[in-house]
Amino acid sequence: MTKMTGARMVVQALKDQGVEVVFGYPGGAVLPIYDEIFQQSDIQHILVRHEQAAVHAAEGYARSTGKVGCALVTSGPGATNAVTGLTDALMDSIPLVVLSGQVPTFMIGNDAFQEADTVGITRPCTKHNWLVKDTADLSNVIHQAFHVARSGRPGPVLVDIPKDVQFASAAYTEPKKARTSHYQPKVKGDAEAIERMVELMETAERPIFYTGGGVINSGPAASQLLREFISATGFPVTSTLMGLGAYPASGEAWLGMLGMHGLYEANLAMHDCDVMINVGARFDDRITGRVQDFSPKSQKVHIDIDPSSINKVIPVEVPIIGDVGHVLEQALNLWKARGRKVNRDGLKKWWAKIAEWRKVDCLRYKGSETVIKPQYALQRLEALTKGMDRYVSTEVGQHQMWAAQFLGFEDPNRWLTSGGLGTMGYGFPASIGAQVAHRDALVINVAGEASWLMNMQEMGTAMQFGLPVKQFILNNERLGMVRQWQQLLHGERYSQSWSEALPDFVKLAEAFGAKGIQCKDPADLDDAIMEMIRYDGPVIFDCLVEKHENCLPMIPSGEAHNKMLLGDAVATNAIQGKGAALV
Amino acid sequence: MSALQIKKGSSKHSAYDLRSHMSDVMERHTLAVLVDNESGVLARVIGLFSGRGYNIDSLTVAEVDHQGHRSRITIVTTGTPQVIEQIKAQLGRMVPVHDVHDLTVEGQAVERELALLKVAGTGEKRVEALRLADIFRAKVVDTSLESFVFEITGTSEKVDALADLMRPLGLVEIARTGVAALSRGAA
């Protein structure tokens with residue numbers, strides 16, 4: 001066994017775990033590790049401008065590659081700045097290993113300079129975390145950290161490393177010899193439950209696949225199996241925000257996204273179905289709406305690798321604990337072996353019903369020749385970038401929902417968005433992470449101007465590392481979603497929901513050495529978007545859009561799926577009663 | 001709604017046993033949780049309960065396997081069936097947790113708690129306190145001319161009962177360990 005310092009061990013362990021990129025920011029308590037990073041060239045370090053961005057960039061990297069993302073931050077403020085990113089990754093099940101420096105062991109608890117109780121602070125926002133007090137344990141813990149981050153339901157982990165542990169020497173443990181502990185979540189589904197699922201599928205008159213981020217997390221094979229299952233059965237499929245791309249948007253069975261701002265046909269199909277097959281989704285409140293009225297007529301199957309997701313919100317008839325890929329394979333094989341049965345008559349009627357709902361054309365909006373409608377901007381972006389090697393991230397708000405409605409994703413891992421936590425400021429650094437992983441791809445961050453300002457300092461990162469990320473800002477000079485809710489719920493009293501003193505985004509881009517484009521005339525939009533795509537470097541695209549557009553359709557909070565608000569139906573104070581208390 | 005009859009143990013954390021899942025009835029359950037005795041593990045468990053709004057009626061923890069670095073946490077909690085199932089699933093998915101046993105549903109279990117009660121008084125009250133202690137099979141572990149410290153072992157209800165009786169007789173302080181529990185039988 002080779003003896004080495006803790007700092008070198010960190011770098012060695014990352015290499016042995018296949019890490020190619022680390023997003024980070026140096027500081028006093030991680031100087032020994034940065035010294036080791038300086039003396040090697042296998043791992044690239046991307047210097048961000050704020051630790052929150054390091055974690056979001058690692059998320060973007062992880063989500064777009066399926067690998068574990070890695071971030072390195074210093075003690076105290078470095079670690080506390082990472083908390084939002086960790087929480088975001090926990091909510092969206094993104095595998096991350098975050099390494100933080102800590103004051104030396106003999107100073108812990110003394111309120112030392114840049115000391116924070118990092119493992120205490122991050123305990124509820126990580127899947128697991130470790131404070132390493134002995135260099136002899138360090139390499140083993142880092143290997144365990146990667147194992148935990150990627151196994152079962154993926155998630156972020158944190159390893160806190162005191163400075164004296166980085167300086168001291170000990171024997172290095174290789175990944176193969178590391179104790180990956182007893183943590184081995186079950187991946188195969190219970191055969192009896194799968195049989196029950198197949199039985200339900202064989203007789204269902206109005207079935208629906210409801211898929212989520214778990215399909216993406218399970219890997220490309222799971223998406224492939226899902227596609228095969230759907231094309232073989234002819235069942236309709238809808239997906240959560242996190243699951244977009246698992247089934248292609250151009251696929252025949254695709255109903256579009258479901259949920260609060262999901263498509264009418266998807267939500268109505270969920271409400272009226274008789275068999276619901278939840279594949280790797282978690283019955284989030286944005287999906288269910290009013291729980292008591294959620295899909296009242298259906299028998300429900302729930303495939304999830306996390307036992308705590310089962311029956312947490314919605315009680316199901318057939319719970320299947322296991323990895324989506326494994327379970328789908330088991331179920332598909334069984335369904336084939338039993339003779340590929342489906343209820344053809346039922347399905348035909350069901351699709352006819354869906355066709356009626358589709359006629360409602362729920363995404364319609366009033367076009368304009370004088371002002372750019374945000375929906376139109378996204379339709380043009382979609383049309384002009386379709387078929388390209390494209391990754392899209394978003395910030396959080398109206399633009400995010402419009403992007404989910406109007407952009408189509410043909411493959412998994414192409415769509416990076418903050419679903420569970422809803423973190424404004426996520427999209428820009430996530431686009432950086434994705435671009436680092438896919439240097440030649442077109443990476444677009446669809447943003448609102450308010451969200452984008454939350455991590456705008458990352459322009460420096462994009463410039464320094466030559467990352468040609470396109471910042472497509474739908475600028476309505478409003479916190480659009482907040483404004484929309486104030487209209488629906490608070491009598492049009494728009495408290496603090498406008499963006500005053502906005503920067504000149506074109507000049508801002510130029511100040512960083514990037515390209516700025518502003519567009520306000522629908523007639524110029526196509527050319528402007530093409531200019532953005534063709535420019536070899538980071539672009540800030542300031543798209544001035546209709547200021548008071550509402551994001552529709554919408555299920556008002558506290559309502560059932562069949563109580564959707566459509567296009568022009570929106571009135572003020574549409575959310576009332578108990579729903580008003582909900583988020 | 002037809003409950004699926006999954007074979008017991010085939011899908012250990014599936015929330016389906018046979019009572020109504022959505023019942024509003026509050027149940028009291030005793031959980032035994034076997035964990036790695038690593039730093040912060042208790043904070044993790046307690047943080048889970050406070051963070052998700054679960055109740056802790058009693059909690060005890062001690063290392064039970066020194067060589068294997070294992071501790072046993074015994075938690076008494078109350079909640080609806082759905083909440084109890086969630087608690088077990090949430091505990092079960094924690095990395096340092098090896099096993100979660102619901103002693104309340106997995107057959108019979110013995111539950112014991114130890115308490116120390118300090119009773120101060122003189123004269124007839126002092127004699128009565130000693131007499132009651134004898135009835136409850138409590139031991140005297142310390143005495144002065146004006147006080148006793150009694151040690152009692154039993155179910156929480158038994159400890160409650162003795163404490164209630166001792167109160168008018170001069171109960172000044174009580175220390176309780178919380179519940180320790182084991183399943184009955186060989187397994």
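Per chain, numbering begins at 1; letters A, B, ... match sequence-line order.
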Exercise for the section: May I ask you to check whether A:H302 and A:F283 place their ring centres under 6.0 Å from each other? Expected result: yes
Fill in the blank from the handout: Greatest number of non-hydrogen atom pairs under 4.5 angstrom with chain A, of B:E38, B:Q86, B:M94, B:R44, falls to B:R44
Practice task
Please look at A:H182 and chain B and tell me whether the side chain, the backbone, both or neither of the residue comes under 4.5 angstrom of a heavy atom of that chain.
Solution key: side chain
Handout entry: Close side-chain approach of A:D160 and A:V132, heavy atoms under 4.5 Å
Key = no
Exercise for the section: Go through the atoms of A:V313 and report whether side chain, backbone, both or neither lie under 4.5 Å from a heavy atom of chain B. Expected result: backbone
Practice task
Examine whether an atom of B:V97 lies under 4.5 Å from a heavy atom of chain A, and if so say whether it belongs to the side chain, the backbone or both; otherwise answer neither.
Solution key: backbone
Problem - Side chain proximity check, A:M107 to A:E115, heavy atoms < 4.5 angstrom - result: no
Handout entry: Pairing of A:K297 and A:D272 as salt bridge, 4.0 angstrom limit
Key = yes
Exercise for the section: Could you look at A:N129 and say if it's the side chain, the backbone, both or neither that has a heavy atom under 4.5 Å from chain B? Expected result: both
Problem - Validation row: B:D57, B:T77 side chains within 4.5 angstrom (heavy atoms) - result: no
